[in-house]
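Shown next, in structure tokens, is the structure this report addresses.
Letters A, B, ... are given to chains in the order of the sequence lines, protein chains preceding strands, and every chain is numbered from 1. As the structure is a computational prediction, the values presented were derived from the model and not from experiment.
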Amino acid sequence: MHCHKHHGDKIKADVLLVGNPNVGKSVIFHALTGKYATVSNYPGTTVDIHIGKIKGTNLTLVDTPGMYSFFSITEEERIAKKIIIESDAKVIVNVVEAKNLERSLPLTLQLIETCKNVILVLNAMDEAKKFGIEIDVERLEERLGIPIIKTIAIKGEGIDKLREEILKLTIKLTRSQREVEKIRLELSEDIEKRILEIENKIVKFNIPKISKRFLAILLLSGDQDVENLFKDKELNYEDNIDISIDTNMSIAYKIAMEYQKLANKILDGVIEQRKETFNDITLNPIFSIPMAILALYFIYFFAGVLGAQMVVDIFERYFEILINTPLNEWLKTNIKYIWLRELIGGEYGIITLGIRYAVVIVLPIVFLYFIAFSIIEDSGYLPRLAVLLNGLFKRFGLSGRAVIPLMLGFGCGTMATIVTRVLETKRERMIAVLLLAIAIPCSAQFGIILGISPDFKAITIWAVSIFVVMLLIGSFAERIIPGERPIFFIELPPLRYPSIKNVFLKTFSRMRWYFSEVLPIFILISILIWIGKITGLLQHIIKLLSIPTSALGLPKESAQIFLYGFFRRDYGSAGLYDLISQGILTYRQIIVSMVVLTLFVPCIAQLSVMIKERGFKFSFIVFMSALVIAFSIGFILNSILEILG
Amino acid sequence: MKIKEKTEKLENLLKEIWEHQFENKDLNLSLSELKELEKEEYIEKVDKNGKRCEDNGYKHGYELQKQYTYKLTEKGLKVAQNLIRLHRLAERMLSDLLETSDDEVERSACKFEHIISEEVEEAICTLLGHPTICPHGKKIPKGKCCERGMKEIKRMIYRLSELKPGDVGEVKYIIGGDEIMKKAIALGIFPGKTLRVIRVFPTFVVQIANSQIALDENVASRIYLMRHEI
């Protein structure tokens with residue numbers, strides 16, 4: 001989530017890692033460079049590009065987003081394609097899952113067409129063995145004319161060999177010295193004829209360091225990005241690619257089909273599979289619902305029980321004893337200006353409030369949430385959850401794919417808002433962003449809400465209210481936001497034991513992102529509150545907010561908490577936590593404020609990301625809706641609880 | 001000219017008119033051919049508003065005469081539509097079941113359309129799972145059997161959405177827009193690939209080679225397969 005600045009720009013690279021999503025590219029990247037990249041099982045989560053130096057060399061390695069083909073274009077695939085076309089890289093390392101070689105080989109062939117040096121990596125050889133698959137590597141090497149390396153990336157097997165091969169291709173040997181002949185790929189006659197025509201048209205232009213034939217193939221398939229390369233050059237190839245080849249079938253589909261045919265021919269006699277295995281209890285509705293509950297409970301246990309209740313308690317106590325009390329005493333004796341004392345310490349100071357909230361309350365909850373999420377993510381369970389939830393999400397105008405941003409939203413809404421990019425249509429992204437902004441509590445908020453909830457009944461009322469609101473908002477959005485219904489089509493990776501190392505590395509990289517974003521905001525909030533208090537501005541806003549809060553039957557202190565809630569949702573919840581520990585709220589008031597605070601406007605960080613992703617107008621509407629929804633639901637709930645006693 | 005040949009020729013002309021009228025294909029018929037069709041009351045002259053006009057164009061001079069075109073009469077429409085349907089059904093059958101080469105499909109389909117009886121037509125249509133487009137991606141007009149959803153005859157071609165867990169089939173063709181085609185490319189769903197249905201609820205899950213793919217019903221209903229007998 002930190003590398004977006006690279007999108008679109010030209011990337012300097014010596015070696016590119018290319019392959020389908022979830023084939024272990026990131027693990028190989030990590031093994032080659034020693035630098036960590038997010039590894040995930042859910043198709044399409046690696047939107048970011050990771051760049052590193054191959055250990056012991058000066059070669060820059062770039063991990064491209066997962067791609068299936070040059071003709072099937074999702075956002076990630078487009079980015080991967082652009083990097084391949086625009087970079088000067090001499091070597092492409094094409095990682096495929098050995099057991100899916102048949103399906104992946106067309107991409108390998110397309111990469112060979114670029115005329116760069118391709119190394120084919122057959123990863124997860126152990127899994128392939130389990131499927132009873134045998135691959136005659138020597139024969140395949142001979143037929144393709146490129147080096148092939150077998151690896152089991154998770155165990156680090158074959159990585160040294162791969163590094164050697166990369167070095168051989170980039171430094172030690174030039175291509176002409178290589179012994180094997182490169183394969184010649186021939187498509188059907190009518191397509192070849194058209195490729196040649198286009199090639200002749202573009203041959204005079206001096207553009208990317210990539211084969212003209214490859215560009216011609218992409219142009220023929222109607223690729224917009226390649227067309228843009230020729231935008232300012234006078235290239236009227238369009239009259240020539242009148243695609244009346246013989247069908248109305250999309251030309252891209254036809255070309256893709258031909259590559260598959262070529263691949264099948266090449267694999268004839270190379271690959272052998274003895275047995276076929278498939279069984280998957282997680283897809284069976286009888287098992288999958290308990291599994292999903294188990295998974296959610298697992299997250300709840302980590303973030304809610306372990307994080308929000310146990311660890312936060314311990315941290316709080318020690319922070320109070322070790323930092324707050326001594327600090328305030330030190331300030332009292334050494335600093336004579338009250339305004340400065342208040343800025344640093346006191347009740348709302350940078351250290352006593354900002355840093356305390358960030359480190360003591362938010363850190364353990366978010367950290368444990370991300371660990372639990374990473375374990376579930378790396379085990380390959382998320383796509384299965386997507387399958388299960390697809391039916392429910394359809395009512396919201398979303399597809400099962402949305403499970404990623406929505407689940408992440410239970411971790412951090414800001415991060416999740418960025419991750420809505422993995423959704424395919426603008427409409428899906430809008431709906432997901434809306435749900436994240438209003439109905440989905442982030443882990444810190446969720447954790448604190450679990451912490452402050454007086455009993456199980458209260459948490460149940462809270463959960464039901466939030467769920468009902470989510471259903472209402474979702475189905476309302478489904479109706480009013482225009483656009484096509486999403487198409488759900490997703491690959492299910494095998495269930496795997498997550499590697500502890502990966503889970504931790506991934507959690508740390510997420511935490512690093514979270515903290516670089518969260519800590520400055522917490523400090524800023526402390527300063528803003530300080531300014532607000534000194535100038536008296538805060539009092540006015542709180543007075544304004546106390547109109548709706550008193551309508552809900554809440555004490556006047558709660559208005560202040562809602563205001564903090566805007567600065568960060570978890571910050572608001574943490575304030576509520578303080579209020580309850582002082583014993584100011586009644587049982588009913590606690591439930592109502594839990595619900596209102598959850599639904600209340602997104603925090604300032606999420607709002608700023610939302611404006612960036614979806615624009616000001618949309619964000620403003622969401623913001624105002626959140627305000628109205630939070631207070632009206634709070635009012636309704638309060639009345640219901642009052643009647644029921 | 002033999003009678004059979006004559007009707008065959010007329011029928012081919014009718015098909016061209018139909019494609020002109022419904023699919024905007026250029027019309028390349030000579031005036032005498034048009035006259036012949038008009039004589040059989042298959043087509044009629046209409047003005048630019050689509051209203052029928054009598055053959056009095058000459059009275060109003062040359063200008064007016066140019067403004068009318070030909071349109072199928074009710075009788076002509078019925079015959080032409082049926083011919084188009086038969087032709088495309090034949091194409092479907094030849095390419096899906098018999099895996100004939102593209103040239104041969106065209107040549108044979110042109111003969112088929114003139115000889116298939118209504119009964120055979122329905123049998124073929126049902127066998128193929130009431131297909132909606134021909135191998136070239138053009139629409140196949142619906143027949144009576146499609147509307148009735150006839151099922152008595154044992155079918156060979158099914159939509160993926162009609163299969164049950166455990167069923168195995170070979171992909172024959174996919175219909176749908178760019179979106180679906182691109183997804184199909186990504187996940188390697190091409191004609192000739194064998195699919196096994198693993199689940200149909202809550203979402204369709206199929207196995208292709210060694211990977212499992214989940215897809216929505218709206219996608220599954222656009223993938224046509226030949227079901228293997230188990």
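- Shown here is B:Glu74, whose CD atom has no more than 12 heavy atoms of other residues, nucleotides or ligands within 6.0 Å.
- In terms of heavy-atom proximity, B:Ser211 sits nearest to A:Arg103 at OG-NH1, 3.0 Å.
- Of the two parts of A:Lys394, only the side chain, counted from C-beta on, holds a non-hydrogen atom closer than 4.5 Å to a non-hydrogen atom of chain B.
- The shortest non-hydrogen separation linking A:Tyr253 to B:Ala184 is CE1-CB, 3.9 Å.
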(request) Tell me, with the steps shown, if B:Asn210 and A:Ile133 meet side-chain contact (heavy atoms from CB on, under 4.5 Å). (result) CA-CA 10 Å; B:Asn210 296 317; A:Ile133 295 169; 3.0 Å; yes
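- In this structure, the separation between CD1 on A:Ile490 and CD on B:Gln212 is 12.5 Å, given to the nearest 0.5 Å.
- Counting heavy atoms from C-beta outward, A:Phe488 and B:Leu215 have side chains that stay 4.5 Å or more apart.
- Looking at residues two or more places apart in sequence or on another chain, you find a side-chain hydrogen bond (donor to acceptor under 3.5 Å, both in side chains) between A:Glu97 and A:Asn100, A:Arg496.
- With contacts defined as side-chain heavy-atom distances shorter than 4.5 Å, the pair A:Leu492/B:Val205 qualifies.
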(message) Using the rule given for side-chain contact (heavy atoms from CB on, under 4.5 Å), can you reason through A:Phe489 versus B:Leu187, listing the C-alpha separation, both sets of side-chain angles and the distance that settles it, and then say yes or no?
(response) CA-CA 9 Å; A:Phe489 216 134; B:Leu187 299 171; 3.0 Å; yes
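- Expressed to the nearest 0.5 Å, how far OG of A:Ser221 lies from NZ of B:Lys182 amounts to 8.0 Å.
- At a threshold of 4.5 Å between non-hydrogen side-chain atoms, the residues B:Met181 and A:Lys254 do not count as touching.
- Residue B:Lys75 places its NZ atom among more than 12 non-hydrogen atoms of other residues, nucleotides or ligands, all under 6.0 Å distant.
- Contacts between B:Ile174 and chain A at a heavy-atom distance below 4.5 Å involve the side chain alone, from C-beta outward.
- Considering only heavy-atom pairs separated by less than 4.5 Å from chain A, the leading option among B:Ile133, B:Asn218, B:Thr203, B:Ile180 is B:Thr203.
- One finds the CG atom of A:Asn390 at 12.0 Å from the CZ atom of B:Phe204 (value rounded to the nearest 0.5 Å).
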